[in-house]
Amino acid sequence: AWIPANFSHAGISGNCASCHNGTQAAGKSATHITTTNACEACHTTSAWSPPRKVDHTQVTGTCSSCHNGSKAEGKPATHIATTAQCSDCHSTSAWTPANFSHAGISGSCSSCHNGTQATGKSATHITTTNACEACHTTSVWSPPRKVDHTQVTGTCSSCHNGTQATGKSATHITTTNACEACHTTSVWSPPRRVDHSQVSGTCSSCHNGTTADGKPATHIATTAQCSDCHSTSAWTPANFNHSGVSGNCASCHNGTQATGKTATHIASTSVCEACHSTTVWSPARRVDHAQVTGACSSCHNGTTAPGKSATHIASTSQCDFCHVTTAWTSVRMDHSQVTGTCSSCHNGTAATGKPGTHIATTAQCSDCHSTNAWLPATFSHSGISSNCFSCHNGTTASGKTPNHGGSTNVCESCHRSTTSWANVNMNHNAIAGRCDSCHNGIIARGKPSREHPTTSQDCGACHRTRSWDN
């Protein structure tokens, strides 16, 4: 039987496809890898299947049309996730190492760049998540095209240290390195807020009116630091510290900026520090009377301050008429303010009284003396409790004149009025001499020249003083 023949490929001089073309002999099946018709590139006539080798130069389809895990080995489970063709990275002449192309990679960078499959982050890399693509691109890996700060897990200063990235400028506020305490990566400047807990300098190193708001024009004059009174958690109300205040108290304690003098305060100037201290405001450490503008008695009334004592001289309430604030006991006596009698003070105890040689009298000092000039006195005999001669003795006051009639020293025996000495009611009982020592026609009426019957000058020889005619 001529056919079928028992075919022997020995001696065939043409290529396989010249016969195995689907007409003369079976050709490539429908499931055959897309290739050229050079069957002998892979197959042998002695062992057609499986092919002895695969000559990838003859394959015209994509790698994955064969390397799909069915026809030939596909990508292993540990292969980088990618939609790229094998030929994008691999070659049929040397499968490894691959000529890597990131085109078609569908996984994240770190799914490969993990330090095992491919180089991972270096030891000096910024502390971040593994999202390499957040900052890098496969076309230009370094320097990164941008920094996605949302992926950074370390502190700002771990990178912004002046070496890896720009650090704090020379004019930056003195702070710790916690940039994120004030700044955000979305809006770096101006800072979204200032976390004063991170500031290590003084308040005024920033709050100087240039870097940040300084003290307003209406601020209390002071050299103190802001932190002496204010806190960053609550700027007002302030915990006031008077140290460093360079203005006077009233520049603040004026009833507007701070409490001023109360309605019941002593009338004074506004120099609070003249009496008060900031450490112990009340009671006042002293009273500087030079600052008091009201009368003494407006304070020294027994309520606000001690008033006149129970033993004080009866007077008006104007203390400063007699006393001075520098030495209270040094008194300059203003008698015009005294409302009591002289003797209520001049009694030998409160003040000098009548001396031992003073005329005996019950009269008040003011009956004779004046507070303007104590001497000479304008004498008043009212109140004299002794006889006239106790004073009118020629020493204390004028005594009897040389031509006074001989008599005792009892002036008041004859004289009746202290206002007119000449008004005499003659009491001859007090006469010590003869009648004619007075009745001589000069001192008193003498004998009449024509009618008297005697030449004797001794009136008493005939007359009796009680009745001359007797």
Side-chain angles (χ1 to χ4, degrees), residues 295-297 300 302 306-434 437-438 442-444 465:
C296 299
S297 58
H300 288 282
K308 291 188 292 188
S309 65
T311 58
H312 194 281
I313 301 168
S315 66
T316 66
S317 296
Q318 301 311 314
C319 315
D320 49 348
F321 284 131
C322 300
H323 300 276
V324 293
T325 56
T326 52
W328 188 252
T329 54
S330 177
V331 178
R332 173 186 56 80
M333 193 66 192
D334 184 350
H335 288 84
S336 66
Q337 302 301 316
V338 178
T339 56
T341 62
C342 299
S343 59
S344 65
C345 178
H346 288 282
N347 52 19
T349 303
T352 306
K354 291 186 291 188
T357 58
H358 194 281
I359 300 169
T361 178
T362 59
Q364 285 298 319
C365 311
S366 54
D367 290 344
C368 302
H369 299 279
S370 163
T371 57
N372 294 326
W374 190 251
L375 289 174
T378 300
F379 195 74
S380 172
H381 286 83
S382 63
I384 300 297
S385 55
S386 63
N387 58 38
C388 299
F389 186 74
S390 64
C391 178
H392 288 282
N393 52 22
T395 302
T396 306
S398 299
K400 291 186 292 187
T401 62
N403 60 359
H404 192 280
S407 66
T408 66
N409 289 325
V410 185
C411 310
E412 55 270 30
S413 296
C414 301
H415 300 279
R416 291 289 181 269
S417 172
T418 58
T419 58
S420 177
W421 190 252
N423 184 15
V424 179
N425 184 10
M426 190 68 190
N427 182 0
H428 288 83
N429 292 332
I431 300 299
R434 290 176 22 165
S437 64
C438 177
I442 298 172
I443 300 173
T465 57

Query raised in the report: Looking only at heavy atoms, what is the nearest atom pair of Cys411 and Phe389, with distance?
Result: SG-N, 4.3 Å
Requested in this report: To the nearest 0.5 Å, tell me how far Asp334 CG sits from Thr316 OG1.
Outcome: 8.0 Å
Query raised in the report: Who pairs with Glu412 by side-chain contact (heavy atoms from CB on, under 4.5 Å), at least two apart in sequence or on another chain?
Result: Asn387, Cys388, Val410
Query - Gap between atom SG of Cys368 and atom CG of Leu375 - 0.5 Å precision - result: 11.0 Å
Report summary line: Scanning both residues in full, the closest heavy-atom pair of Ser398 with His392 reads O-ND1, 2.8 Å
**Report entry** Set of residues satisfying side-chain contact (heavy atoms from CB on, under 4.5 Å) with respect to Ser370, sequence neighbours excluded
**Finding:** Asn372
Query raised in the report: Which residues satisfy the side-chain hydrogen bond (donor to acceptor under 3.5 Å, both in side chains) test with Ser309, sequence neighbours excluded?
Result: Thr311
Query raised in the report: Ser336 versus Phe321: any side-chain heavy-atom pair under 4.5 Å?
Result: no
Report task. Go through Met426 and Ile431 one step at a time and tell me if the side chain to side chain contact (heavy atoms under 4.5 Å, CB included) criterion holds. Result -> CA-CA 9 Å; Met426 190 68 190; Ile431 300 299; 3.0 Å; yes
Query raised in the report: Who pairs with Asn393 by side-chain hydrogen bond (donor to acceptor under 3.5 Å, both in side chains), at least two apart in sequence or on another chain?
Result: none
Query raised in the report: Just wondering, do Lys400 and Ser407 contact through their side chains at under 4.5 Å, heavy atoms?
Result: yes
Query raised in the report: Rounded to the nearest 0.5 Å, what separation is found between the CD atom of Gln318 and the OG atom of Ser297?
Result: 4.5 Å
Requested in this report: Would you mind reporting whether Met333 and Val338 have side-chain heavy atoms less than 4.5 Å apart?
Outcome: yes
Report task. Please round to the nearest 0.5 Å and tell me the distance separating atom CG of Asp367 and atom OG of Ser382. Result -> 5.0 Å
Report summary line: Heavy atoms of His346 and Thr352 approach each other most closely as ND1-O, 2.7 Å
**Report entry** Heavy-atom pair of closest approach, residues Arg332 and Asp320
**Finding:** NH2-O, 3.6 Å
**Report entry** Flag for Gln337-Ser315: side-chain donor and acceptor within less than 3.5 Å
**Finding:** no
Query raised in the report: Partners of Ala350 by side-chain contact (heavy atoms from CB on, under 4.5 Å), sequence neighbours excluded?
Result: Cys345, Asn347
Report task. Please name all residues satisfying side-chain contact (heavy atoms from CB on, under 4.5 Å) with His358, sequence neighbours left out, ordered by chain then number. Result -> Lys354, Pro355, Thr361, His369
Report task. To the nearest 0.5 angstrom, please state how far the NE2 atom of His335 sits from the SG atom of Cys365. Result -> 9.0 Å
